[in-house]
Amino acid sequence: MEIIDSDNLQKVQKAFLYPPKFMLSVAKLEQLPPSDKNEVAFAGRSNVGKSSLINALFNRKDVAKTSSTPGRTQQLNYFNMKDLLYLVDLPGYGYAKAPPSEVKRWQQVLLTYLKGRVNLRRVFLLIDSRMGVKKADEDIFEQLDLAAVPYQIVLTKTDKISKAELEEVKKQTASKIKEHPAAHTIILETSAEKKTGLDELRREIASFL
Ligand code: GTP
Ligand code: MG
């Protein structure tokens, strides 16, 4: 792992001292705020831990809504960080406990957003470390490659697996993303529960401030 110099790390951590301001929930693309700031988004299959990870970054429990029911986040939730950056908590793709017609509608909104948002600097694409990369993830990788949207894999819930299992899932994920031109080569590993791997992710986000 890269060594983070301590001065810079302090600056990065300071940027996350206060939670971002909740701005709005977007259900339709017409409701998107103007693309006047850099934007980063948290994507991943339902229940992978997107909302929990956003909370962990800011050391809070109540920035983004979390739930054990897959599909809890059904809209694009916009947060404004220091008036410099939009953070977007996205609905999950794939399975969700909601009426199929509704799921289909918000999946379409999600894909159109991901492929067309001009100020979207990076998508943090979360993968549950217990599951590894699934078909639904590979479909999204391909869509993002086609639209040339930069994305970075973030493994989540690493507290649930052993070190050896983590090494294995990292190896498999690395070999999968080799084929994907828009994927960042560095894979981040996090646990929102144990609060590990957060500084590396904070540093990536802070680079867009
Ligand atoms: P949707 O919005 O429904 O797509 O889900 P999400 O990806 O936002 O997941 P959310 O953050 O709501 O978390 C889903 C479940 O996973 C909750 O029960 C969390 O407590 C749990 N969870 C999230 N992160 C971690 C983690 O790092 N470790 C463990 N053990 N559990 C986690
Ligand atoms: Mg969520």
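- The NZ atom of K176 lies 11.0 Å from the CD1 atom of I187; values are rounded to the nearest 0.5 Å.
- A distance of 11.0 Å separates CD1 in I54 from CE in M81, rounded to the nearest 0.5 Å.
- Put simply, Y151 and L146 are part of two different groups of oily side chains (I, L, V, M, F, W, Y) that touch within less than 4.5 Å, one to the next.
- Across all non-hydrogen atoms, the minimal contact from R60 to L17 is NH2-O, 3.6 Å.
- Counting only N and O atoms by type, the side chains of D137 and Y93 include a donor and acceptor under 3.5 Å apart.
- From L110, atom CG reaches atom CD of Q75 across 12.5 Å, with rounding to the nearest 0.5 Å.
- Separation of atoms CG (L166) and NZ (K171) is listed at 12.5 Å; rounding is to 0.5 Å.
- A 4.5 Å side-chain heavy-atom check between N38 and L84 finds every atom pair outside the cut-off.
- Both L201 and I186 are members of a single hydrophobic cluster when ILVMFWY side chains are connected at heavy-atom separations under 4.5 Å.
- The two atoms that bring F58 and P19 nearest to each other are CD2-CA, 3.8 Å, heavy atoms only.
- The minimum heavy-atom distance between P33 and Y86, with the atom names listed, is CB-OH, 4.4 Å.
- Evaluation of the ring-ring contact (aromatic ring centres under 6.0 Å, His included) test over residues 173-209, restricted to residues two or more places apart or in two chains, returns F141-H180.
- Looking only at side-chain heavy atoms (C-beta outward), F79 and V88 stay at 4.5 Å or farther from each other.
- Using a 4.5 Å cut-off on side-chain heavy atoms (C-beta onward), I140 and L111 make contact.
- At a threshold of 4.5 Å between non-hydrogen side-chain atoms, the residues R45 and D128 do not count as touching.
- The cluster map of Ile, Leu, Val, Met, Phe, Trp and Tyr, joined by side-chain heavy atoms under 4.5 Å apart, puts F42 and M131 in different clusters.
- D145 places a side-chain N or O within donor-acceptor distance of the main-chain N or O of A182, the cut-off being under 3.5 Å.
- At least one donor-acceptor pair closer than 3.5 Å links the side chain of E165 to the backbone N or O of S162.
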**Asked** Between N59 and Y18, does a side-chain hydrogen bond (donor to acceptor under 3.5 Å, both in side chains) hold up when you go through it step by step?
**Response** CA-CA 9 Å; N59 270 308; Y18 299 102; over 6 Å; no

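- Contact record, L90 with A41: CD1-CB, 3.8 Å, taken as the closest heavy-atom pair.
- Side chain of S191 to main chain of K157: no donor-acceptor pair is present (N/O by atom type, distance under 3.5 Å, no hydrogens or angles).
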**Item:** side chain to side chain contact (heavy atoms under 4.5 Å, CB included) between I177 and T185, worked out
**Value:** CA-CA 8 Å; I177 61 171; T185 51; 5.6 Å; no

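- The side-chain heavy atoms of Q143 and L114, taken from C-beta on, include no pair separated by under 4.5 Å.
- A side-chain donor from one of R122 and Q152 sits under 3.5 Å from a side-chain acceptor of the other.
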**Message:** Run the salt bridge (Lys or Arg N to Asp or Glu O under 4.0 Å) test on R203 and E200 for me, step by step, so that the C-alpha distance in whole Å, both residues' side-chain angles and the decisive distance to 0.1 Å come before the verdict.
**Reply:** CA-CA 5 Å; R203 192 168 54 142; E200 288 78 4; over 6 Å; no

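- Residues K37 and N80 meet the side-chain proximity criterion, which asks for heavy atoms closer than 4.5 Å.
- Under the 4.5 Å side-chain criterion, counting only non-hydrogen atoms from C-beta, Y113 is not in contact with Q108.
- Closest non-hydrogen pair, S25 versus Q31, comes out as O-OE1, 4.1 Å.
- Without hydrogens or angle criteria, D89 side chain to N77 main chain gives no donor-acceptor distance under 3.5 Å.
- T156 pairs in a side-chain contact (heavy atoms from CB on, under 4.5 Å) with only one of the listed residues (T190, I127, L188, N47), which is T190.
- The two residues V48 and K50 have their closest heavy-atom pair at CG1-CG, 3.7 Å.
- Separating the NZ atom in K194 from the NZ atom in K160 is a distance of 9.0 Å, to the nearest 0.5 Å.
- Atom CG in L9 sits 11.5 Å away from atom NZ in K11 (nearest 0.5 Å).
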**Asked** Step by step, would you call R117 with N119 a side-chain hydrogen bond (donor to acceptor under 3.5 Å, both in side chains)?
**Response** CA-CA 6 Å; R117 185 71 170 161; N119 56 328; 3.0 Å; yes

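- Using a 3.5 Å distance cut-off with no hydrogens or angles, the side chains of S207 and E204 do not pair a donor with an acceptor.
- A 6.0 Å sphere centred on NZ of K104 holds no more than 12 heavy atoms belonging to other residues, nucleotides or ligands.
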**Asked** Going through the checks in order, is the side chain to side chain contact (heavy atoms under 4.5 Å, CB included) test met by N55 and T66?
**Response** CA-CA 9 Å; N55 286 338; T66 64; 3.6 Å; yes

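- Residues D199 and V12 are not in side-chain contact: their nearest non-hydrogen atoms beyond the backbone lie 4.5 Å or more apart.
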**CA sep, side-chain torsions, deciding dist, call: L198, F16, side chain to side chain contact (heavy atoms under 4.5 Å, CB included)** = CA-CA 11 Å; L198 299 177; F16 289 83; over 6 Å; no

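- Just one residue in the list I153, L53, L155 forms a side-chain contact (heavy atoms from CB on, under 4.5 Å) with L126, and that residue is L53.
- In this structure, R105 does not pair ionically with E102, as no charged nitrogen and carboxylate oxygen lie closer than 4.0 Å.
- At distances below 3.5 Å, at least one donor-acceptor pair connects side-chain atoms of Q107 with backbone N or O atoms of G92.
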